[in-house]
Amino acid sequence: MPDNTLIHDPEGGMPRLLEIMRRLRDPDTGCPWDIEQDFGSIAPYTIEEAYEVADAIERSDWQELEGELGDLLLQTVYHTQMGAEAGHFSFDSVVKAISDKMVARHPHVFGDESRDKSAEQQTADWEKIKAAERAGKAQGRTLDGVALGLPALMRAVKLQKRSARVGFDWPDTAQVIDKIVEEAGELVEARESLSQAEVEEEFGDLLFVVANLARHLEVDPEAALRAANAKFTRRFEGIEDALKARGKTPADSDLAEMDALWDQVKHAEKSG
C-alpha cells in the first residue's frame with residue numbers, strides 16, 4: 001500500500017498537490033481517465049479554467065475566485081506532470097524558468113537599472129527584452145511567438161500591436177473607421193454572389209478591422225464583448241420576467257412586444 005500521509009495532510013501545500021497528481025497519473029494504481037489524458041486533451045480544460053477565473057473576477061466573487069484559481073493551478077500541475085513523465089520538463093524547471101524570466105525582465109527591480117521611469121518607458125523596455133528573447137529562440141520575424149491558441153480577437157490585437165511597432169499601422173482612428181465602413185459595405189453588397197467560404201472570409205476581415213479599432217481606442221475587445229454579452233443576458237432576462245408577469249413566455253410573444261419590453265428594460269437600467 002502506498003503511503004497516503006502527505007495526500008491526506010491538509011497543510012501539505014504544493015508538495016501535496018504535486019503528489020496527488022503524480023498518484024492520479026500512476027499507470028498501475030492511478031485514475032483510468034487521468035492516465036489516458038495527454039497535452040492535447042487537457043489543453044481545452046486549461047483554457048476553460050482561465051476563462052472561469054476571469055468570470056469570477058468580473059463578478060467580484062472572491063470566494064469563487066479562490067476555487068477557480070485552484071482549478072487553474074491544477075492545470076499547470078497536470079501539464080508539468082505529463083512533461084516530467086515524457087522527460088520534457090518538470091514542475092521545478094517550469095518554476096525556475098518563469099522566475100528567471102521575471103528577474104530578467106525587471107532589471108529596474110532586481111538589477112542595477114533605475115526605477116525612475118514612466119509606464120510607457122517600462123513598456124518599451126519590456127518589449128525590447130522580449131524581442132531579444134525571441135531572437136534567442138530563432139523567432140526573427142515580427143509576428144513570431146504570438147500564440148495560435150489565443151482567442152481570435154485577442155490574437156488579432158496582438159498581431160496588430162506587433163506590426164504597429166515596425167510602422168505597419170493606420171496613423172489615426174478615423175482611417176480605421178473608414179476601413180470598417182468599407183469592409184461592411186463590401187460584405188453587404190457581395191453576400192448574395194459569394195460562396196459561404198467567401199462570406200466567412202469577408203466577415204473575418206471585418207472582425208479583424210474591428211479588433212484594430214479596439215486597439216486604437218485602447219479597448220480590450222474580449223472584455224468589451226464579455227460586458228456586452230452580460231448586458232444582453234441581463235436585459236433579455238428582464239424581458240422574460242416582464243412576460244412572466246403577463247402569464248407568457250418568449251415563445252408566446254412576438255418581436256414587437258419583446259422589442260418594446262427591451263426598450264423598457266433598457267430605460268429602467270439607465271434611469272436606475
Spatial distance of atom CG (L187) from atom CD (E200) [nearest 0.5 Å]
11.5 Å
Can you hop from I35 to W33 via hydrophobic side chains spaced under 4.5 Å?
no
Has the side chain of D252 got a donor or acceptor atom that lies under 3.5 Å from a matching backbone atom of T249?
yes
Please enumerate all residues that pass side-chain hydrogen bond (donor to acceptor under 3.5 Å, both in side chains) together with Q75, with sequence neighbours excluded.
T46
Search all heavy atoms of P107 against all heavy atoms of A104 and return the closest pair with its distance.
CD-O, 3.4 Å
Are V94 and L73 grouped together when hydrophobic residues (ILVMFWY) are joined by side-chain heavy atoms under 4.5 angstrom apart?
yes
Once rounded to the nearest 0.5 Å, what's the spacing between atom OG of S90 and atom CG of L18?
9.5 Å
Same cluster or not: I57 versus L72, using hydrophobic residues (I, L, V, M, F, W, Y) connected whenever any side-chain heavy atoms lie under 4.5 Å apart?
yes
Run the side-chain donor-acceptor check on residues 239-247: report pairs under 3.5 Å with partners two or more places apart or on a different chain.
unit_1: R246; atom_1: NH1; unit_2: E257; atom_2: OE2; d: 2.7

Contacts of E269 meeting side-chain hydrogen bond (donor to acceptor under 3.5 Å, both in side chains) (sequence neighbours excluded), chain-then-number -> R234, R235
Ring pair (Phe, Tyr, Trp, His ring centres under 6.0 Å): pairs with one or both residues in residues 77-121, sequence neighbours excluded:
F39-H79, H106-H108, H106-W126
Just jot down the ring pair (Phe, Tyr, Trp, His ring centres under 6.0 Å) partners of W262, sequence neighbours excluded, or say none.
F232
Any carboxylate oxygen within less than 4.0 angstrom of a Lys/Arg side-chain nitrogen, looking at R191 and E202?
no
Check salt bridge (charged side-chain N to carboxylate O under 4.0 Å, His left out) between R155 and all other residues, then give those that pass, not counting sequence neighbours.
none
Among Q37, E36, E85, Q81, side chain to side chain donor-acceptor pair (under 3.5 Å) partner for R25:
E85
Atom CG of L194 and atom CD of E186: how far apart are they, to the nearest 0.5 Å?
10.0 Å
Once side-chain contact (heavy atoms from CB on, under 4.5 Å) is applied, do any residues pair with D71, and if so which ones, sequence neighbours excluded?
E49, E68
Where D26 and D28 come nearest, the two heavy atoms and their spacing:
OD1-N, 2.8 Å
Residues in side-chain contact (heavy atoms from CB on, under 4.5 Å) with F208, at least two apart?
A156, Q160
Which distance, rounded to the nearest 0.5 Å, do you find between the CD of E58 and the CG of N229?
10.0 Å
L74-L6 co-clustered via ILVMFWY side chain contacts under 4.5 Å:
no
SB check E19 R16 (cutoff 4.0 Å)
no
Indicate yes or no: at least one non-hydrogen side-chain atom of L261 is less than 4.5 angstrom from one of Q264.
yes
Report the distance from atom NZ of K266 to atom OG of S271, rounding to the nearest 0.5 Å.
12.5 Å
Suppose we screen for side-chain hydrogen bond (donor to acceptor under 3.5 Å, both in side chains). Which residues come up paired with D38, at least two apart in sequence or across chains?
S41
With sequence neighbours excluded, what pairs up with E198 under the salt bridge (charged side-chain N to carboxylate O under 4.0 Å, His left out) test?
none
Distance-only donor-acceptor check, side chains D3 and T5, under 3.5 Å
yes
Applying side-chain hydrogen bond (donor to acceptor under 3.5 Å, both in side chains) to D100 and not counting sequence neighbours gives K96
L143 vs K158 side-chain heavy atoms within contact, under 4.5 Å
no
Considering only distance and modelled atom types, tabulate donor-acceptor pairs under 3.5 Å from the side chains of residues 215-222, sequence neighbours left out.
unit_1: R215; atom_1: NE; unit_2: N212; atom_2: OD1; d: 3.3
unit_1: R215; atom_1: NH1; unit_2: D169; atom_2: OD2; d: 3.4
unit_1: R215; atom_1: NH2; unit_2: D169; atom_2: OD1; d: 2.5
unit_1: R215; atom_1: NH2; unit_2: D169; atom_2: OD2; d: 3.1
unit_1: R215; atom_1: NH2; unit_2: N212; atom_2: OD1; d: 2.8
unit_1: H216; atom_1: NE2; unit_2: D169; atom_2: OD1; d: 3.2
unit_1: D220; atom_1: OD1; unit_2: E222; atom_2: N; d: 3.0
unit_1: D220; atom_1: OD1; unit_2: A223; atom_2: N; d: 3.3

Return yes if some donor-acceptor pair links the side-chain N/O of R162 with the main-chain N/O of D144 below 3.5 Å, else return no.
yes
Same cluster (ILVMFWY, side-chain, under 4.5 Å), L17 and Y45:
yes
Would you give the length of the straight line joining atom CG of L213 to atom CD of Q175, rounded to the nearest 0.5 angstrom?
12.5 Å
Smallest separation among heavy atoms of S253 and M258, with atom names:
OG-CG, 3.5 Å
My understanding is that only one of D55, V53, I47 makes a side chain to side chain contact (heavy atoms under 4.5 Å, CB included) with Y51; could you say which?
I47
